[in-house]
There are 2 protein chains.
Amino acid sequence: MSLEGHPSPEMIYEAVRKKIPSISLATVYKNVRTFLVSGMLREVSMHHGSMRVEPNESEHYHLVCTRCRQITDLDPESVPVQPLAKKRFLQGFHVTRISVDVLGVCALCAAKESSMTTKPRRRKKEC
Amino acid sequence: MSLEGHPSPEMIYEAVRKKIPSISLATVYKNVRTFLVSGMLREVSMHHGSMRVEPNESEHYHLVCTRCRQITDLDPESVPVQPLAKKRFLQGFHVTRISVDVLGVCALCAAKESSMTTKPRRRKKEC
DNA sequence: ATCGCTGCAAAACATTTGCAGTTTG
DNA sequence: CAAACTGCAAATGTTTTGCAGCGAT
């Protein structure tokens with residue numbers, strides 16, 4: 001719960017390993033699933049090869065870079081999203097959460113791309 | 001492009017196979033990726049074991065059942081989402097798309113669950 | 001002759017599962 | 001002791017990749 005950002009099970013594993021060196025990745029997966037089912041964690045964002053989670057606390061949305069897959073919290077100040085009307089039921093469907101992802105290209109990846117166009121020789125560091 | 005709904009590469013493979021029996025799953029994956037990069041297709045929804053795509057045409061949002069993973073288009077009439085203000089840039093990030101998923105439990109899964117509570121013997125058919 | 005597309009098989013990941021042994025209450 | 005939790009290794013499922021051959025230009 002104390003990890004910053006939107007960690008994958010692998011990232012959680014690496015962090016927990018520092019405190020409990022004997023822990024296994026399978027145990028992390030099992031517990032992450034338990035916490036998702038219990039609602040302690042929620043899953044974040046598509047466009048990933050691996051699951052990303054965050055504590056299931058205040059509602060907020062995410063910026064997701066479709067190039068490097070980095071996820072950033074969307075600053076509520078700059079929010080382009082009007083508050084979503086909350087209906088409990090839609091099309092016979094019981095609504096539990098609304099997930100909003102703003103997809104696009106982060107500054108680093110944009111820089112990398114334009115530098116690729118102009119000077120394909122040198123590589124900028126990854127996002 | 002003519003497939004209904006939000007098919008996975010596997011589902012596309014099964015469909016294309018009827019017209020081109022010799023096609024391989026790898027070829028479908030390669031072409032789906034090409035179409036995603038070109039913008040002909042877009043990726044849909046998290047909460048899946050497999051990628052789901054749809055033609056990258058009119059903006060609309062999705063209902064996603066977190067139990068059975070079924071994806072349904074959200075009827076714009078019943079839309080609980082106010083139109084999203086469009087900003088091109090946010091936090092140094094070039095916005096290309098806003099993805100909204102309404103997550104919850106579909107009618108069939110809800111029925112299945114309550115029947116499980118009251119009469120655990122009989123199984124309703126899958127969503 | 002070249003370039004792009006294909007199928008196949010293998011590889012690379014991400015995630016889950018079975019099981020036997022430990023820990024907890 | 002019973003129930004829950006763990007590590008390990010194997011199984012699963014999805015997606016990517018290398019490569020050799022084929023086809024079209």
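Proteins come first, then strands; the chains are lettered A, B, ... in the order of their sequence lines, and each starts at number 1.
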With respect to the phosphate group of [N], does any side-chain polar atom (N or O) of [X] fall under 4.0 Å of OP1 or OP2?
X	N	result
A:Tyr29	C:dT15	yes
A:Thr27	D:dG7	yes
A:Arg33	C:dT16	yes
A:Ser24	D:dG7	yes

Rounded to the nearest Å, what distance is computed from the [atom1] atom of residue [X] to the [atom2] atom of nucleotide [N]?
X	N	atom1	atom2	answer
B:Arg69	C:dT15	CZ	C1'	10 Å
B:Arg17	C:dG7	CZ	P	11 Å
B:Met11	D:dG13	CE	P	16 Å
A:Leu25	C:dA14	CG	P	10 Å
B:Tyr13	C:dT6	OH	C1'	13 Å
B:Met46	C:dA14	CE	P	19 Å
A:Ile20	D:dC5	CD1	C1'	12 Å

Next on the checklist: A side-chain contact here means heavy atoms from C-beta on lying under 4.5 Å apart; do B:Ile23 and B:Pro21 qualify?
Outcome noted: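 No, every pair of side-chain atoms sits at 4.5 Å or beyond.
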Checklist entry - Within the distance-only criterion (no hydrogens, no angle test), does the side chain of A:Thr66 pair as donor or acceptor with the backbone N or O of A:Leu103 below 3.5 angstrom? => result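 Absent.
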Checklist entry - Is a side-chain N or O of A:His94 found less than 3.5 angstrom from the main chain of A:Gly92, in a donor-acceptor match? => result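 No; judged by distance alone, with no hydrogens or angles, the pair does not exist.
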Checklist entry - How do A:Ala26 and A:Glu10 order along DNA chain C: which one's closest nucleotide is nearer the 5' end? => result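 In this pair, the answer is A:Glu10.
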Checklist entry - What is the nucleic acid contact for B:Ser22, judged by heavy atoms within less than 4.0 Å: base, sugar-phosphate only, or nothing? => result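 It contacts sugar-phosphate atoms only.
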Next on the checklist: Any donor-acceptor pair under 3.5 Å linking the side-chain atoms of B:Glu43 with those of B:His6?
Outcome noted: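 Judged by distance alone, the side chains do not pair up.
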Checklist entry - Is there a donor on the side chain of B:Lys30 or the base of C:dG4 sitting less than 3.5 Å from an acceptor on the other? => result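 Answer no: no donor N or O sits under 3.5 Å from an acceptor.
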